[in-house]
**Student:** 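Below: one structure in structure tokens.
Fair warning: this is a prediction, and the values are worked out from it, not measured in the lab. The figures here come from the full heavy-atom set of this structure, side chains too, leaving out hydrogens, waters and symmetry mates.
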Amino acid sequence: KNDSFFFSYYGEEMYCVHEESDTTRWEFLVLTPKDRVTQPGSRVQKILFLGVLPLFIGLTIVLSLELSNRIKRPLEEIVEQLEQMDIDNPSPFVVKNSVGEIDYLTEKITKMSRRITNLINQVYKAEIKRKDAQIEALISQINPHFLYNTLQLIKTESVKGQTEEVRDTINCLSCFLRYTIDNKKLYVTLEEELDYIRAYMEIYKKRFPGKYTLEILAGEETRENIIPKLTLQPVVENAVKHGMSKKNGPGILKITVTDGPDLEIVIEDNGVGLEMQPLEDLMKRIHGKGRADDTGSHVGLVNVQERLEL
């Protein structure tokens, strides 16, 4: 029969091919050493190992890098857009040549940024409404002692027949009351606030002749700046009540206004001042880091700080 097989011939491995002729019935045997048969296969293996395999590995690396870049580039675009995102006016995230998962991610980030903006606006507006309510309450609170003492001053001047003094005091008081009671106007010009401070301090100067001096240094270019109403009054009131009134001798209150990138208002006095520990406690309360004062002292300063931070 026709077949092929390996066998040992005098100690040497041989490969035998056996064929039988159908015509003559002759049998043909072809013997070949095994090494000659298997050697070409080894060459093929070497060719595959040294040629095809590196090519396959290189192709795999190229495909991996391309796939990595298709994911990396869109992510880098997302990060860049996040860094440039305007939280006040967020725009949709757009990524070119991205895969489906990246598109889904950008859609979710866009929705998230808009949601954050909406929440910030809601909280910000709610805080503004709360501060407006506080300033309305502050406006409605006229210090009864100040009003009583001013009326007593008018009575004294009237009894003395000081007609001009009575007129000036009434003008200052009417300016004070008109400015304080009008709670429809929550923002005013700096000039309006300074006029109110002048009227307020003029009454103190008339009650205590020679005790108080008011100095205002504000250029014309600064006076039309818009500020929250009653921004300066609580600071001036604290300077008078807790500083200059306790000082032996004249008290000087100085207000300096500087206009630049930001409006800067400096209020100084030569009063007795505060010791270090009470001053630190006051600064903590003003910045919301300390306990509330049970006496209600310095509430106006805290309110001013909170409204300015808005």
**Student:** Hey, does the side chain of Arg223 reach the backbone of Thr189 with a donor-acceptor pair shorter than 3.5 angstrom?
**Tutor:**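 No.
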**Student:** Using a 3.5 Å distance criterion without hydrogens, assess whether the side chain of Asn270 forms a donor-acceptor pair with backbone atoms of Ile252.
**Tutor:**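 Present.
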**Student:** Evaluate Asn149 against Leu153 for side chain to side chain contact (heavy atoms under 4.5 Å, CB included), listing each step before the verdict.
**Tutor:** CA-CA 6 Å; Asn149 291 332; Leu153 172 63; over 6 Å; no
**Student:** Are Glu165 and Lys206 close enough for a salt bridge, meaning some N to O gap below 4.0 Å?
**Tutor:**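 Salt bridge between Glu165 and Lys206, a charged N being under 4.0 Å from a carboxylate O: yes.
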**Student:** Spell out, as yes or no, whether a donor-acceptor pair under 3.5 Å connects the side chain of Ser174 to the backbone of Ile170.
**Tutor:**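 At least one qualifying donor-acceptor pair exists.
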**Student:** Enter the distance from Glu193:CD to Glu191:CD here, rounded to the nearest 0.5 Å.
**Tutor:**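 Going from the CD atom of Glu193 to the CD atom of Glu191 covers 11.0 Å.
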**Student:** Would you say the side chain of Thr222 lies within less than 4.5 Å of the side chain of Thr258, judging by non-hydrogen atoms?
**Tutor:**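 The answer is no, as the side chains (C-beta and beyond) never meet within the 4.5 Å cut-off.
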**Student:** Hey, are the side chains of Pro33 and Glu12 touching, using non-hydrogen atoms and a 4.5 Å cut-off?
**Tutor:**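 The answer is yes; the side chains approach within 4.5 Å.
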**Student:** Without swapping roles, check the side chain of Lys211 against the backbone of Gly249 for a donor-acceptor pair under 3.5 Å.
**Tutor:**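 Confirmed, Lys211 side chain pairs with Gly249 backbone.
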**Student:** Below 4.5 Å, heavy atoms only, C-beta onward: do Tyr179 and Gln233 meet side chain to side chain?
**Tutor:**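 Side chain of Tyr179 against side chain of Gln233, heavy atoms only: no contact under 4.5 Å found.
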**Student:** Answer yes or no: are there more than 12 heavy-atom neighbours, outside Lys247 itself, under 6.0 Å from its atom NZ?
**Tutor:**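 Buried by this count: over 12 neighbours within 6.0 Å.
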**Student:** Tyr196 pairs by side-chain contact (heavy atoms from CB on, under 4.5 Å) with which of Leu230, Val188, Leu232?
**Tutor:**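 So, applying the side-chain contact (heavy atoms from CB on, under 4.5 Å) to Tyr196 and each of Leu230, Val188, Leu232, only Leu230 qualifies.
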**Student:** For Ala199 and Cys172, work out which heavy atoms get closest and say how close.
**Tutor:**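 Heavy atoms of Ala199 and Cys172 come nearest at CB-O, 3.7 Å.
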**Student:** Considering only heavy atoms from C-beta outward, does the side chain of Gln152 approach that of Thr156 to under 4.5 Å?
**Tutor:**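 Yes. Closest side-chain heavy atoms under 4.5 Å.
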**Student:** Could you walk me through whether Tyr187 and Ile227 pass the side chain to side chain contact (heavy atoms under 4.5 Å, CB included) test, one step at a time?
**Tutor:** CA-CA 6 Å; Tyr187 296 88; Ile227 62 173; over 6 Å; no
**Student:** Flag the pair Leu253 / Met244 as yes when at least one side-chain heavy-atom distance between them is below 4.5 Å, and no otherwise.
**Tutor:**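 A side-chain contact exists here, since the closest heavy-atom pair is under 4.5 Å.
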**Student:** Take the angle between the ring planes of Tyr212 and Phe208 and call it parallel below 30°, perpendicular above 60°, tilted in between.
**Tutor:**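 Perpendicular: the ring planes of Tyr212 and Phe208 meet at over 60°.
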**Student:** Take a 6.0 Å sphere around CZ of Arg198 and say whether it holds more than 12 heavy atoms from other residues, nucleotides or ligands.
**Tutor:**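 Atom CZ in Arg198 is packed in, count exceeds 12.
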**Student:** Just verifying a value: how many Å separate Ser158 OG and Leu151 CG, rounded to the nearest 0.5 Å?
**Tutor:**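 Interatomic distance, Ser158 OG to Leu151 CG, rounded to 0.5 Å: 12.0 Å.
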**Student:** How long is the straight-line distance from CD1 of Ile203 back to CG of Leu147, given to the nearest 0.5 Å?
**Tutor:**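 Here the rounded value is 9.0 Å.
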**Student:** Looking at every non-hydrogen atom in both residues, tell me the closest pair between Gly271 and Asp269 and how far apart they are.
**Tutor:**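 Looking at all heavy atoms of both residues, the shortest contact is N-OD1, 2.7 Å.
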**Student:** Ile255 vs Ile197, test: side chain to side chain contact (heavy atoms under 4.5 Å, CB included). Steps then yes/no.
**Tutor:** CA-CA 10 Å; Ile255 301 176; Ile197 296 301; 4.0 Å; yes
**Student:** Measuring from Thr213:OG1 to Lys254:NZ, what's the distance to the nearest 0.5 Å?
**Tutor:**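 That separation rounds to 13.0 Å.
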**Student:** With heavy-atom distances below 4.5 Å as the criterion, would you say the side chains of Leu190 and Ile265 are in contact?
**Tutor:**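 They are in contact (side-chain heavy atoms under 4.5 Å apart), so the answer is yes.
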**Student:** Kindly determine whether Asp168 and Glu157 satisfy side chain to side chain contact (heavy atoms under 4.5 Å, CB included), including the steps that lead there.
**Tutor:** CA-CA 11 Å; Asp168 292 341; Glu157 292 174 339; over 6 Å; no
**Student:** Rounded to the nearest 0.5 Å, how far apart are CD1 of Ile216 and CE of Met201?
**Tutor:**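 If we round to the nearest 0.5 Å, Ile216:CD1 and Met201:CE are 9.5 Å apart.
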**Student:** For the side chain of Ser245 and the backbone of Val240, is there at least one donor-acceptor N/O pair under 3.5 Å apart?
**Tutor:**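 Judged by distance alone, yes, a pair lies under 3.5 Å.
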**Student:** Does the ring of Phe146 carry Lys241 above it, NZ/CZ under 6.0 angstrom from centre and within 45° of its axis?
**Tutor:**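 Output no; distance or angle outside limits.
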**Student:** Taking the side chain as everything from C-beta on, heavy atoms only, tell me whether Thr150 gets closer than 4.5 Å to Thr169.
**Tutor:**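 Yes - at least one pair of side-chain heavy atoms lies under 4.5 Å apart.
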**Student:** Is there a chain of hydrophobic side chains (I, L, V, M, F, W, Y, each step under 4.5 Å between heavy atoms) that links Val166 to Leu177?
**Tutor:**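 Result: yes, single cluster for both.
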**Student:** Do Tyr200 and Ile267 sit in one hydrophobic cluster, given that two such residues count as connected whenever their side-chain heavy atoms are within less than 4.5 Å of each other, even indirectly?
**Tutor:**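 In one cluster: yes.
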